[in-house]
Amino acid sequence: MPLTPPTTLTLSLPRPHTGNDSGGDGDVGNGGGQVMYLRAPHYRSQYILVWDEEGFAAAFMNKASEFGLFTDQQEWLILLPLNTSLAAVTSALRNTRIFVDSQVWMCYYDGEWTGEGENGRWVLEEVWQVGENGDGWQRGLWGWWGHQGGLRPLPLDHKYDRRKDLLGYHLRVATIKAMPYESLIAENQPQNFGEGYVVDVWHILQQQLNFTYTATNTLFGSLQDDGKTWNGMVGMLQTRDADVAVAPLSITQIRSITIDFTIPIQMVSTRLYIKRPVLEGTWTLYTQPFDSFLWLIIPISVLVCVFVLWVFNWVTGQLAGNSHHITMGEAFWIIFSGVVQQSTVNEPRPVSGKLVFFSGLWMGLILLTCYSAILVSILTTRQPKLPFRNFEELLENPDWNLGVRTNTALADSLALAPPHSSMRLSWERFVGKDPINNLPSNNDDALASVLKGKYAFFANKEYIIYRLQRKLPLAQAMDIVDTKTDFLKRGIGFGLQKRSPYKKLFNHVLTKMTQKGHLNRLKRKWWPNIDRDPEAEYPSPGFKEVFTLYLILGGGCLLGVALLLAEYLVYSRSPPSSATKERETTLDTWIE
């Protein structure tokens with residue numbers, strides 16, 4: 001019998017024969033029987049097979065199994081003669097791969113048949129296996145067909161809701177110990193996962209599907225030099241030494257050639273992590289609250305107010321005989337004191353002068369308030385300048401090193417990047433010059449290298465944020481920053497053997513978990529602050545933050561000394577004034 005789908009979408013069911021019937025009613029397709037209309041095939045191929053005791057049908061199905069024709073892409077209808085039990089059929093098909101993703105119906109006659117008529121119906125049951133060991137056959141009523149009512153399918157739940165009980169089937173699991181995703185309580189023992197985000201997701205799957213497992217610790221997996229074989233988890237799935245890879249396995253195109261993946265259980269991003277650069281002082285720190293134009297306008301405004309105040313005082317003195325004269329210097333100190341919110345000994349007597357003084361005082365209040373607020377903001381949010389933000393800028397710093405965890409998808413993304421790209425050049429120039437130190441086997445060693453300085457670590461943000469927020473001391477966590485650039489954003493999921501029968505079953509349960517919010521709750525459990533940098537307080541300002549003040553103080557003192565010397569030279573050479581002589585005479589009289 002050729003392995004080709006039928007060209008018709010209908011099935012002509014025979015009347016059951018007992019071996020004593022004559023005529024052609026028992027032939028399929030002769031048009032003598034009633035017709036059962038099957039579902040439209042769409043993208044599925046349909047196979048119709050009549051079971052025989054000689055074993056030809058069994059041999060045909062075993063051969064079809066070798067060709068991979070028992071999946072959800074094919075529909076099989078097996079017609080059983082009278083007195084043929086399902087147990088005998090499943091025993092003959094014990095080596096046939098009819099798993100949970102298959103679409104196989106067994107059709108048998110339930111009732112009695114007499115020459116005068118029939119008293120029964122055709123029953124359709126779906127059958128499948130939970131694993132590859134030949135046992136664990138499952139069956140479920142799908143519907144029936146009768147000459148009177150035709151096909152009557154039952155109102156059933158989703159296919160994978162009906163088949164999610166794997167009867168304790170044991171799965172071989174490949175994993176890697178990497179918190180916060182998974183940990184092992186023992187090596188090569190049943191049910192040996194400890195804790196972690198991936199472990200929590202896996203255990204919910206286990207509760208839903210009723211299976212057992214044994215996890216084996218290994219590597220993530222990297223493509224070998226031959227360009228075909230893999231090591232680690234990917235390699236174990238490739239050689240069929242594992243059924244599932246339970247780990248934060250990045251879903252990449254090159255891995256998908258060799259293995260299958262479930263739907264993503266998390267989206268991760270990658271960044272470059274470096275030691276926090278030293279916060280350098282700047283000569284212009286205290287000029288930053290105002291731009292250069294405003295700094296120019298402020299003294300001009302003060303001088304204008306000084307001139308207006310002096311003019312108003314002089315005019316009122318001429319008109320009203322005001323004897324309180326204010327010099328230009330006194331007018332300057334009056335306005336300047338108001339601008340810097342300080343008191344003054346002299347004050348303008350005319351109302352017009354008071355108005356000018358009030359205007360300068362109000363201008364100074366607004367300027368001082370704005371300046372103080374902006375300066376405080378600058379001091380508390382000031383961040384060090386990053387040496388680079390991406391791989392292009394990293395290439396301009398040849399004295400740096402670049403690290404990436406070995407046998408990971410990130411290492412492959414650098415090593416297999418397009419030639420002459422910045423990522424490929426970074427791999428060749430930085431990682432290649434010291435592969436022992438630049439290809440660490442764990443994140444802790446890499447972060448220790450980062451803290452030494454001049455070392456950039458290319459890693460998943462979710463890994464590093466967990467280490468910084470929960471594992472490293474605060475002082476060390478605050479000393480590690482990222483370059484604020486996301487390079488790769490992709491999903492992680494469980495790995496499966498190519499064309500695994502459990503892929504759609506796992507996806508069905510994971511989709512329901514996503515819809516019910518289970519995955520989001522687990523993410524918040526392990527990453528409560530995933531969208532924030534590590535908790536920290538900005539350090540108190542040190543000398544580098546305020547050294548400009550000391551420069552101003554020192555400069556003012558030196559300028560004051562210079563002015564004092566100048567005044568001494570000027571007054572020492574000039575004759576004493578009448579006021580000075582009067583004071584000296586008064587002092588001499590008092591002494592006498």
Side-chain angles (χ1 to χ4, degrees), residues 11 13-14 16 28 36-39 44-53 55-65 68-113 120-146 149-171 208-212 500-506 508-509:
L11 172 64
L13 283 180
V28 177
M36 183 211 312
Y37 292 91
L38 300 179
R39 295 183 299 175
R44 292 185 176 94
S45 301
Q46 291 182 325
Y47 297 85
I48 303 173
L49 189 66
V50 178
W51 188 262
D52 65 288
E53 297 181 357
F56 295 109
F60 174 75
M61 293 184 69
N62 287 330
K63 182 60 69 174
S65 175
L69 295 179
F70 288 101
T71 68
D72 62 343
Q73 301 299 313
Q74 301 87 25
E75 293 182 345
W76 288 77
L77 181 61
I78 314 302
L79 304 178
L80 304 184
L82 293 178
N83 303 322
T84 301
S85 65
L86 283 178
V89 175
T90 54
S91 176
L93 299 178
R94 58 182 177 275
N95 296 323
T96 307
R97 296 168 56 90
I98 303 177
F99 297 143
V100 293
D101 62 333
S102 62
Q103 299 273 21
V104 178
W105 290 273
M106 297 289 181
C107 182
Y108 60 92
Y109 191 75
D110 181 24
E112 298 180 356
W113 173 259
R121 59 185 178 182
W122 291 91
V123 178
L124 284 91
E125 289 190 359
E126 55 181 0
V127 296
W128 69 93
Q129 294 172 276
V130 299
E132 299 189 35
N133 52 6
D135 54 10
W137 278 95
Q138 296 290 287
R139 51 190 287 190
L141 181 62
W142 187 86
W144 54 82
W145 184 91
L151 180 63
R152 295 183 181 180
L154 295 175
L156 301 175
D157 295 332
H158 190 278
K159 168 184 173 180
Y160 292 112
D161 287 330
R162 306 193 303 267
R163 303 185 180 189
K164 65 180 184 180
D165 187 0
L166 297 183
L167 305 177
Y169 182 70
H170 195 78
L171 294 174
Q208 294 287 324
L209 302 179
N210 185 23
F211 58 78
T212 58
S500 171
Y502 306 110
K503 177 180 177 179
K504 292 193 175 182
L505 177 62
F506 283 4
H508 177 73
V509 178

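No donor-acceptor distance shorter than 3.5 angstrom exists from the side chain of Thr96 to the backbone of Ile98, with no hydrogens or angles considered. Under the 3.5 Å distance criterion, the side-chain polar atoms of Ser102 are left unmatched by any main-chain donor or acceptor of Val104. Side chain of Trp76 to backbone of Leu69: a donor-acceptor contact under 3.5 angstrom is found.
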### Task
Applying side chain to side chain contact (heavy atoms under 4.5 Å, CB included), run through Trp122 and Asp110 and close with a yes or a no.
CA-CA 6 Å; Trp122 291 91; Asp110 181 24; over 6 Å; no
| Can you list the steps and then say if Asp101 with Leu505 is a side chain to side chain contact (heavy atoms under 4.5 Å, CB included)? | CA-CA 7 Å; Asp101 62 333; Leu505 177 62; over 6 Å; no
Exercise. Tell me, with the steps shown, if Phe56 and Trp51 meet side chain to side chain contact (heavy atoms under 4.5 Å, CB included).
Key: CA-CA 8 Å; Phe56 295 109; Trp51 188 262; over 6 Å; no
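Remark: Asp161 CG to Gln208 CD distance equals 9.0 Å, nearest 0.5 Å. With rounding to the nearest 0.5 Å, the separation of CZ in Phe70 from CG in Asn62 is 8.0 Å. Taking OH of Tyr108 as the start and CG of Leu86 as the end, the distance is 6.0 Å to the nearest 0.5 Å. In this structure, the separation between CD on Glu125 and CG on Leu80 is 9.5 Å, given to the nearest 0.5 Å. A distance of 9.0 Å separates CG in Asp165 from CG in Leu209, rounded to the nearest 0.5 Å. One finds the OH atom of Tyr47 at 5.5 Å from the CD atom of Gln74 (value rounded to the nearest 0.5 Å).
The heavy-atom pair separating Arg163 from Leu166 by the smallest distance is O-CD2, 4.3 Å. A pairwise comparison of heavy atoms in Tyr109 and Leu82 identifies CB-CD2, 3.6 Å as the closest pair. The two atoms that bring Ala57 and Asp52 nearest to each other are N-OD1, 2.8 Å, heavy atoms only.
Heavy atoms from other residues, nucleotides or ligands lying under 6.0 Å from CG of Asn83 number 12 at most.
Ring centroid separation for the pair Phe99 and Trp128 does not come in under the 6.0 Å cut-off. Within the 6.0 Å centre-distance limit, the rings of Trp105 and Trp142 are counted as a close aromatic pair.
Salt-bridge annotation for Asp72 and Lys504: present, with a side-chain N of the basic residue lying under 4.0 Å from a carboxylate O of the acidic one. A salt bridge is absent between Glu126 and Lys159; no separation between the charged side-chain nitrogens and carboxylate oxygens falls under 4.0 Å.
Test Val123, Leu77, Ile78 against Met106 for side chain to side chain contact (heavy atoms under 4.5 Å, CB included) and you get one pass: Ile78.
When side chains are defined from C-beta on, Thr84 counts as touching Val89, because their heavy atoms get closer than 4.5 Å. Residues Tyr502 and Tyr169 meet the side-chain proximity criterion, which asks for heavy atoms closer than 4.5 Å.
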Using distance only, find each side-chain donor-acceptor pair of residues 151-158 under 3.5 Å and give its atom names and separation, not counting sequence neighbours.
{"unit_1": "His158", "atom_1": "ND1", "unit_2": "Tyr160", "atom_2": "N", "d": "3.0"}

